[in-house]
Asker: 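Supplied in structure tokens, the structure appears directly below.
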Amino acid sequence: MDKGGRSAVTEQQDPTPADPTTPRAPAALARVLRRLRQPLPGAQPRIRFEMPPEDVEPAPAEHHAEAGDGTRFGAPGPRMSKQHPLYLGFMGTVGVGVALLVYYIGTTTAQLLLWIVAALFIALGLDPVVRWLEARSLPRSVGIVVSVSVLILAVTGFFATLIPTIVEQVSELVKQAPEWIRSFLDSEFFRNVDQQFGVRDRITQELDKFVKNPEAVGGIFGGVVGFGSTVANSLFGTLIVLVLSLYFLAALPNMKKWAYRLAPRSRRPRVEALSEAITASVGNYVIGQACVALLNALFAFIVMSILRVPFSVLLAFVVALLAFIPLVGGMIAGVVVILVALTLGWQTALIYAICYFAYLQFEAYFVSPRIMQRAVAVPGAVAVISVIAGGSLLGVLGALIAIPTAAAIMLLIKEVYIVRQDRH
């Protein structure tokens, strides 16, 4: 009876005994995931080139020499005296050789250096956005993907919307150009000039010579081929700059750490503070200049739409590009639009000139100071000289990076050279 009672109780407590053949899905999935996390048999971790750890208090060389196992390659020996003739001659020769090598590399890889500078400039411009996202508890990789994706989508959407309009308006410009030329040729001004100087006959003779000259026709074909190669190189350069910008943006903190380790230990805090101030000012300048250029183009487009200036979208695009060039870009953009507005009459051109140049004054005193308040200030004369010099050396890219470069040089002069001079 007890046996039966015990068996009954057992059956009531466990009515459905577990079947050993029944698979357990969660346990099997956990085993599979655990197996996938384990390295393959015989696999080695990828070798990474890393900086040696920074010692807080370096031990003397005698201690390393006695320990033997404290360093992997032994302790460095005593340095040769800088006054030794062999040292002076060798280092002088090495210095001349390095200078010639740097000059050769700079002249042969100028295009690559420009791409690197442009990519670094873009990376420094996007770094404040990435750091802002990092402050919102997002990983840096996610911040990079978000910022670069937004930038690419904005540029792609802008050009996808703009290019058809530009093509349409350029086609309209090409269609209207013969009518404008015909109206100019039939004007009283051209007739008087033609009667005095024979301009029409001279133009006809030059056109006949050009058509009958095979070298001129071949030059046109070569120009078309050269234009196609220029477009292809521009697309390739854009891709290279984009890829380099991603790499620079991802590795920017490590790049800074490596650069700081190149400075002596006693000067690293000061080098780090100056470098952070320079890079932050460059990033803030890039973002601020982009905002100023967009506001400039938007205002110009609104005024041109109200005055019904032809090719307003195309001209707004030109204004946005020129507004990226500090100081002189807005003036050049205003002159270009005024010349187009003259086709509608001097009244329209005058109204646009008054509105646009008034906005430039408002931008200089109210918009730009608030947007650029975190960037390093540069005096007006230094800014003009730096923009002209940068444009002469590197073209549009040189004009864009001229003011941040001038700000960095002024900061170094102020915090390093002047401080050193004041101590003497």
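All values below come from the heavy atoms of this structure, side chains included, with hydrogens, waters and symmetry mates left out.
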Asker: Nearest 0.5 Å please: distance from the CG atom of L246 over to the CG atom of L242.
Answerer: 5.0 Å

Asker: Nearest 0.5 Å, please: how far is CG in L412 from OG in S275?
Answerer: 8.0 Å

Asker: Determine which pairs satisfy salt bridge (charged side-chain N to carboxylate O under 4.0 Å, His left out) with at least one residue from residues 321-346, sequence neighbours left out, and list them in order.
Answerer: none

Asker: State the NZ-CD distance between K257 and E272, to the nearest 0.5 angstrom.
Answerer: 9.5 Å

Asker: To the nearest 0.5 Å, what is the distance between CG (L315) and CG (L322)?
Answerer: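 Reported value, rounded in 0.5 Å steps: 10.5 Å.
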
Asker: Quick one: ring pair (Phe, Tyr, Trp, His ring centres under 6.0 Å) pairs with a partner in residues 106-130, sequence neighbours left out?
Answerer: W115-F236

Asker: By salt bridge (Lys or Arg N to Asp or Glu O under 4.0 Å), which residues pair with E134, not counting sequence neighbours?
Answerer: R140

Asker: May I ask you to test the T279-E276 pair for a side-chain heavy-atom distance under 4.5 Å?
Answerer: yes

Asker: Would you give the length of the straight line joining atom CG of L294 to atom CD of Q289, rounded to the nearest 0.5 angstrom?
Answerer: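 Going from CG on L294 over to CD on Q289, the span is 10.5 Å.
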
Asker: Please tabulate, for side-chain N and O atoms in residues 94-109, each donor-acceptor pair with protein atoms closer than 3.5 Å (sequence neighbours left out).
Answerer:
{"residue": "T107", "atom": "OG1", "partner": "Y103", "partner atom": "O", "Å": "3.0"}
{"residue": "T107", "atom": "OG1", "partner": "Y104", "partner atom": "O", "Å": "2.9"}
{"residue": "T108", "atom": "OG1", "partner": "Y104", "partner atom": "O", "Å": "2.8"}
{"residue": "T108", "atom": "OG1", "partner": "I105", "partner atom": "O", "Å": "3.4"}
{"residue": "T109", "atom": "OG1", "partner": "I105", "partner atom": "O", "Å": "2.4"}

Asker: Please enumerate all residues that pass side chain to side chain donor-acceptor pair (under 3.5 Å) together with Y356, with sequence neighbours excluded.
Answerer: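 Partners of Y356 under the side chain to side chain donor-acceptor pair (under 3.5 Å) test: N296.
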
Asker: Using a 3.5 Å cut-off and no angle test, enumerate the donor-acceptor pairs between side-chain atoms of residues 145-155 and protein atoms at least two apart in sequence or in another chain.
Answerer:
{"residue": "S147", "atom": "OG", "partner": "G143", "partner atom": "O", "Å": "2.9"}
{"residue": "S147", "atom": "OG", "partner": "I144", "partner atom": "O", "Å": "3.0"}
{"residue": "S149", "atom": "OG", "partner": "V145", "partner atom": "O", "Å": "2.5"}

Asker: Run the side chain to side chain donor-acceptor pair (under 3.5 Å) test against Y247 and tell me which residues pass, sequence neighbours left out.
Answerer: none

Asker: Holding to ring pair (Phe, Tyr, Trp, His ring centres under 6.0 Å), I want the full list of residues that pass it with Y359, two or more places apart in sequence or in another chain.
Answerer: F299

Asker: So does R136 have more than 12 non-hydrogen atoms from other groups sitting under 6.0 Å from CZ?
Answerer: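 Above 12, so yes.
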
Asker: Can you name the nearest heavy-atom pair linking A297 to A320, along with the distance?
Answerer: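 For A297 versus A320, the nearest heavy atoms are CB-CB, 3.6 Å.
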
Asker: For K414, check salt bridge (Lys or Arg N to Asp or Glu O under 4.0 Å) against everything at least two apart and list the hits.
Answerer: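 For K414, no residue satisfies salt bridge (Lys or Arg N to Asp or Glu O under 4.0 Å) once neighbours in sequence are set aside.
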
Asker: Quick one: list whatever passes side chain to side chain contact (heavy atoms under 4.5 Å, CB included) with L244, sequence neighbours left out.
Answerer: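 Per chain and number, L244 pairs via side chain to side chain contact (heavy atoms under 4.5 Å, CB included) with I116, A119, I240, F248.
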
Asker: Do I122 and L249 have side chains that approach each other closer than 4.5 Å (heavy atoms only, starting at C-beta)?
Answerer: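 I122 vs L249: side chains apart.
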
Asker: Contact between E363 and L295 at the side-chain level, heavy atoms closer than 4.5 Å - yes or no?
Answerer: no

Asker: Heavy atoms, side chains only, cut-off 4.5 Å: are I287 and V129 in contact?
Answerer: yes

Asker: Hey, what do you get for SG (C355) to CD1 (I306), rounding to the nearest 0.5 Å?
Answerer: 8.0 Å

Asker: Residues two or more places apart in sequence or in another chain: which of them pass ring pair (Phe, Tyr, Trp, His ring centres under 6.0 Å) with F362?
Answerer: F366

Asker: Determine all donor-acceptor pairs shorter than 3.5 Å in which one atom belongs to a side chain in residues 328-351; sequence neighbours excluded.
Answerer:
{"residue": "T343", "atom": "OG1", "partner": "V340", "partner atom": "O", "Å": "2.5"}

